[in-house]
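The next block holds one structure in the form of structure tokens; read it before the comments.
Below, chain A is the first sequence line, B the second, and so on; all start at residue 1.
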2 protein chains.
Amino acid sequence: MLTQQRKAHILAVLKDTGQVVAKTLSEQLNLSEDTIRRDLRELAAEGLLQRVHGGALPASPALADFSGRQAIATDGKKAIGRAAAAMIRPGQVVFVDGGTTAVQLVRHLQPGLEATIVTHSPSIAVELVAHPGMTVEMIGGRLFKHSVVAVGASAIESIARFRADIYFMGVTGIHPEIGLTTGDSEEAVIKRALSRHAAETIVLASSEKLGAASPYVILPMNEAQGLVVERSTAEETIAAYRKAGMTVTKA
Amino acid sequence: MLTQQRKAHILAVLKDTGQVVAKTLSEQLNLSEDTIRRDLRELAAEGLLQRVHGGALPASPALADFSGRQAIATDGKKAIGRAAAAMIRPGQVVFVDGGTTAVQLVRHLQPGLEATIVTHSPSIAVELVAHPGMTVEMIGGRLFKHSVVAVGASAIESIARFRADIYFMGVTGIHPEIGLTTGDSEEAVIKRALSRHAAETIVLASSEKLGAASPYVILPMNEAQGLVVERSTAEETIAAYRKAGMTVTKA
DNA sequence: CTTGACTCTGCACGAAGTTGCACGCTTTAT
DNA sequence: ATAAAGCGTGCAACTTCGTGCAGAGTCAAG
């Protein structure tokens, strides 16, 4: 059996049943668990599934619902969220994007901290109900269901009323030459507006985003000042971003 | 069963019912209570839930409050929600208030129905992500954490841009002489604005609200056109509201 | 045809993670 | 006040993990 076939099979089972177990697969395919584990590791590195002890779970947001996704947020995203949360100083006004990494950010906000969070994500808003120190300002607009964020002209208009100290931006791709990209044009517009109304834009990028590009360009790289990546990211990967003038933080 | 799945399951149950019991979980999942307790401890350490003797509750007191309230949504509230959802015609623009009864409303929206829901509640917005037919417009503003809704001047301003067919209003009291009341002055202002920008205002009132009054008056009774109450409500209780010109629907 | 580089696979082994049980303590209910 | 239920800890058995290594197969240059 060819490696590619095997991997395709694993992904098919995963899609079908919502989980795979290393041992079961090895028996089904008549291969050692080592080989399966290697496959799983590689598929995980490609972001096609999420590795867990004993097997793997879907990585694709579509399969697990939003809260499910959050439960299985990778350690990397958690670390990035924590590092970003630590950057917020008391009294600051902060734009927080939608997305799973941003949820991790608000979950790791220091309990005593007092600041203002401005967000166009209802999920983030609901999450912040738990934090007594945070004043929350919601940006309204038409709900873009895929990402669960407000978009549209009225959102842009609302954003223009704020002047934030920091904007924590989520992206689906950050490429040294192409810049910051995302998968929806409306979202790109919103992100651009948020960046324009913040003194500093910090990009939160889990490892699978580095070097990737999506259809819609948000901004060229040099318009973002900071980048937070996982601790395990290779120095040579980071170098290109530093060269573009970004301050790179390893979470 | 994989550890991560188990944790996801626990969080799902927690979100659904507002509480989990260690013993019940161990029976459901066929695992020792020790393992469940360990999971609960770890999830608590991550801040994803709040550990209590015997089981766990949602992470924050505020959220516990909210999802707990939802968990105990009575059959009455569900029925009211279903009856209200049935009033919406295709293509209409509908204001939906925050609150537990409103959550029941959106949960009972007919799957195929296409309409526009305008809401100042992030919880309602998140809930509607699951409904493909609904266009959702979010009203932004400062988040009033107790009720998890947007309030303030910018919310009022956003509301003024809409002209809805129906407004489903939640209240904490509806009294034949005092009128419609709620527990917060800011919320009262918002509800007033929503009512003013809707052709028709329908009050959703579970039985404990009937004949009750809270500190802040939203509107006199005659400014609301409809009232949805539980089926079991006594006719003589309803009579006073009919007299005030309201169309009363028994759910 | 032979050789060497490369890839893939399975095995061995030590490290790490997971689970159920026993024990003694704390909390809750009666 | 007493019993029962729930809790945390330490421990032992077991599973899973990652890595290094060796054998088998593939391919192309010589």
Side-chain angles (χ1 to χ4, degrees), chain A residues 1-14 17-59 68 71-79 82 206-208 230-234 237 251, chain B residues 1-14 17-59 61 64 68 71-72:
Chain A
M1 172 165 233
L2 304 170
T3 308
Q4 294 307 318
Q5 274 182 307
R6 217 169 46 226
K7 289 190 179 176
H9 179 260
I10 292 173
L11 289 176
V13 172
L14 185 59
T17 64
Q19 66 162 104
V20 289
V21 178
K23 185 170 183 156
T24 312
L25 281 172
S26 80
E27 284 165 9
Q28 273 178 9
L29 302 177
N30 242 323
L31 287 161
S32 76
E33 290 181 44
D34 305 67
T35 303
I36 301 297
R37 275 202 290 272
R38 261 182 281 249
D39 288 344
L40 293 180
R41 240 179 292 165
E42 284 161 25
L43 289 168
E46 290 176 55
L48 297 172
L49 51 75
Q50 199 203 333
R51 191 75 171 84
V52 298
H53 198 90
L57 294 172
I72 61 169
T74 60
D75 291 343
K77 285 187 181 179
K78 282 183 200 166
R82 190 171 0 214
S206 46
S207 53
E208 76 270 20
E230 293 173 30
R231 179 164 299 282
S232 60
T233 312
T237 311
Chain B
M1 171 164 237
L2 304 169
T3 308
Q4 298 301 324
Q5 272 185 312
R6 215 171 46 226
K7 290 189 180 174
H9 173 83
I10 292 173
L11 289 175
V13 171
L14 185 60
T17 64
Q19 66 161 116
V20 290
V21 179
K23 184 167 183 159
T24 312
L25 281 172
S26 79
E27 284 165 10
Q28 272 179 10
L29 302 177
N30 240 324
L31 286 162
S32 76
E33 289 181 46
D34 305 69
T35 302
I36 300 298
R37 273 202 291 273
R38 260 184 281 248
D39 288 344
L40 293 180
R41 240 178 291 165
E42 283 161 24
L43 290 168
E46 290 178 58
L48 298 171
L49 52 73
Q50 192 197 336
R51 192 73 172 83
V52 296
H53 199 89
L57 294 172
I72 59 165

By salt bridge (charged side-chain N to carboxylate O under 4.0 Å, His left out), B:Arg51 pairs with (sequence neighbours left out) none
Nearest 0.5 Å, what's the CG-OG1 distance between B:Asp39 and B:Thr3? 7.0 Å
How would you list, by chain and number, every residue that makes a salt bridge (charged side-chain N to carboxylate O under 4.0 Å, His left out) with A:Glu27, sequence neighbours excluded? none
Scoring nucleotides 14-24 of chain C by protein non-hydrogen atoms under 4.0 Å (B base, S sugar-phosphate only, - none) yields ---SSBBBB--
Should B:Asp34 and B:Arg38 count as side-chain neighbours, where that means a heavy-atom distance under 4.5 Å? yes
With sugar-phosphate meaning primed atoms plus P, OP1 and OP2, does A:Val21 contact a base, only sugar-phosphate, or nothing at under 4.0 Å between heavy atoms? nothing
Angle between the end axes of the helix from C:dC1-D:dG30 to C:dT30-D:dA1, five pairs per end, to the nearest 10 degrees? 30°
Identify the two heavy atoms, one from A:Ala22 and one from A:Leu40, that lie closest to each other, and give their separation to 0.1 Å. CB-CD1, 4.2 Å
Just jot down the side-chain hydrogen bond (donor to acceptor under 3.5 Å, both in side chains) partners of B:Ser32, sequence neighbours excluded, or say none. B:Thr35
Roughly how far, to the nearest 0.5 Å, is the CZ atom of B:Arg6 from the CG atom of B:Leu29? 7.5 Å
Heavy-atom side-chain contact between B:Gln4 and A:Gln50 under 4.5 Å: no
Can you check whether A:Val52 reaches A:Gln19 side chain to side chain, under 4.5 Å on heavy atoms? no
Check every nucleotide of DNA chain D for an atom under 4.0 Å from a heavy-atom of chain A, then give the first and the last such nucleotide from 5' to 3'. D:dT16 to D:dT19
Which heavy atom of B:Ala56 sits nearest to which heavy atom of B:Leu49, and what is that distance? CB-CD1, 3.8 Å
